[in-house]
2 protein chains.
Amino acid sequence: MKRSTIQDSMFPGCPVRNILARLCDKWALLVIYILDRSGKENMRFMELKQQMPDISQRMLSMTLRTLEEDGYITRTIFSEIPPRVEYALTERAKSLKPILDSLLQWSFEHMDDIMSDRKKTVSVND
Amino acid sequence: MKRSTIQDSMFPGCPVRNILARLCDKWALLVIYILDRSGKENMRFMELKQQMPDISQRMLSMTLRTLEEDGYITRTIFSEIPPRVEYALTERAKSLKPILDSLLQWSFEHMDDIMSDRKKTVSVND
DNA sequence: CCGAATCCGTAAAGATACTG
DNA sequence: CAGTATCTTTACGGATTCGG
């Protein structure tokens, strides 16, 4: 995936934007959300995939690796046949939850306004 | 720019991920941050550019349009020569501030851990 | 001159198809 | 089952041009 780092000379490697950029890609937040609300302690690759019908296996795989790199999930490999890999949220991910919840609530309060604002400017010719 | 919408069948047009994905691109948060801490009521294009030495004019222009589309900033054009365009945060952007601040604080508390976690896995050969 | 729009190139993100 | 190899699309940067 590469997951390149956001860089500029004013805030070299600005942690805020770098952390957020990697969390706010297409799938990462959804993976965290699904792991969280599953109630289970951990989930397997295919379990996650079933909860996300539209994600490709490749993107699920890469998203999980990135989340692991950043310490939001753990990845436990069982050397069995067929292979088994289990994913679980870390404390770091759980500590993010209250903030994500407040963002979620803000989004719900503003989503209609924002989406209709977007249409105003986008659909000049549509 | 295209700024395509995040879509999946489970949460069609999920507002949280869509709102966050557009805010967490390479430059948007920095623009909001600079407008906010400037203290001024509004800023001109070149003023913003000077605060962001690494952004291209193209990306600044596009970022500002997207932020305007989503109602986070206003764009006021003065028909003068040379032309003048002023940008200001809206109430919507300001209402986001407390949440962004808590995210910022969380990022600062965790940045060292996250960045060192990343290095562990990334710099296998570097 | 300021604030873009446009064209073009690169690299990263992401989808489709295949494998140990 | 849990990924990788290959291909397409999008984001982003640089240079140039343009209308006021």
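Chain naming here is simple, since letters A, B, ... match the order of the sequence lines and numbering starts at 1 in each.
- Side-chain contact, B/Asp54 with A/Ser9: a donor N or O sits under 3.5 Å from an acceptor N or O.
- You'll find the side chain of A/Thr63 stays beyond 4.5 Å of the side chain of A/Lys26, heavy atoms only.
- At whole-Å resolution of the value, CD1 in A/Ile55 and P in C/dG14 are 10 Å apart.
- By the salt bridge (Lys or Arg N to Asp or Glu O under 4.0 Å) test, A/Lys97 is found to be paired with A/Asp36, A/Asp101, residues two or more places apart in sequence or in another chain being considered.
- Annotation: side chain of A/Arg22 is in contact with side chain of B/Arg118 (closest heavy-atom distance under 4.5 Å).
- Rounded to 10°, the helix from C/dC1-D/dG20 to C/dG20-D/dC1 has 30° between the axis fitted to its first five pairs and the one fitted to its last five.
- C/dG14 atom P lies 8 Å from atom CD1 of B/Ile6, rounded to whole Å.
- Identified under the ring-ring contact (aromatic ring centres under 6.0 Å, His included) test for residues 84-106 of chain A, with sequence neighbours left out: A/Trp106-A/His110.
- Judged as a salt bridge (Lys or Arg N to Asp or Glu O under 4.0 Å), and not counting sequence neighbours, the contacts of B/Glu47 are B/Lys40.
- Residue A/Ser56 is in base contact, counting any heavy-atom pair closer than 4.0 Å across all strands shown.
- As rounded to whole Å, 8 Å separates atom C1' of D/dG3 from atom CZ of A/Arg65.
- Between the side chain of B/Glu68 and the main chain of B/Thr74, no donor-acceptor pair closer than 3.5 Å is present.
- Protein atom CH2 of B/Trp27 is 10 Å distant from nucleotide atom P of D/dC12, rounded to whole Å.
- Checked against salt bridge (Lys or Arg N to Asp or Glu O under 4.0 Å), B/Asp8 has the following partners two or more places apart in sequence or in another chain: B/Arg17.
- Judged as a ring-ring contact (aromatic ring centres under 6.0 Å, His included), the pairs with a partner in residues 30-65 of chain A (not counting sequence neighbours) are, in order, A/Tyr33-B/Phe11.
- In this structure A/Glu91 satisfies the salt bridge (Lys or Arg N to Asp or Glu O under 4.0 Å) test together with A/Lys94, sequence neighbours excluded.
- Atom P of nucleotide D/dT10 and atom CE of A/Met59 are separated by 14 Å, given to the nearest angstrom.
- Between the side chain of A/Asp70 and the backbone N or O of B/Ile114 there is no donor-acceptor pair closer than 3.5 Å.
- In this structure, the CG atom of B/Asp54 is 9 Å from the P atom of D/dG13, given to the nearest Å.
- Remark: A/Glu80 engages A/Phe78, A/Arg84 in a side chain to side chain contact (heavy atoms under 4.5 Å, CB included) (not counting sequence neighbours).
- Taking atom NZ of residue A/Lys26 and atom C1' of nucleotide D/dT10, one finds them 11 Å apart after rounding to whole Å.
- Taking atom CG of residue B/Asp8 and atom C1' of nucleotide C/dG14, one finds them 14 Å apart after rounding to whole Å.
- Residues of residues 40-51 of chain B that place a heavy atom closer than 4.0 Å to DNA chain C, in numerical order, are B/Arg44, B/Phe45, B/Met46.
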Distances under 3.5 Å between protein N/O atoms and the N/O atoms of nucleotides 6-9 of chain C, please, pair by pair.
unit_1: C/dC7; atom_1: N4; unit_2: B/Arg58; atom_2: NH1; d: 3.2

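- Of the candidates B/Leu35, B/Thr90, B/Leu89, B/Ile32, B/Leu67 forms a side-chain contact (heavy atoms from CB on, under 4.5 Å) with just one, namely B/Ile32.
- Of the residues in residues 72-87 of chain A, those with a non-hydrogen atom less than 4.0 angstrom from any atom of DNA chain D are A/Arg75, A/Pro82, A/Pro83, A/Arg84, A/Val85, A/Tyr87.
- Applying the side chain to side chain contact (heavy atoms under 4.5 Å, CB included) criterion to A/Ser79, with sequence neighbours excluded, gives no partner residue.
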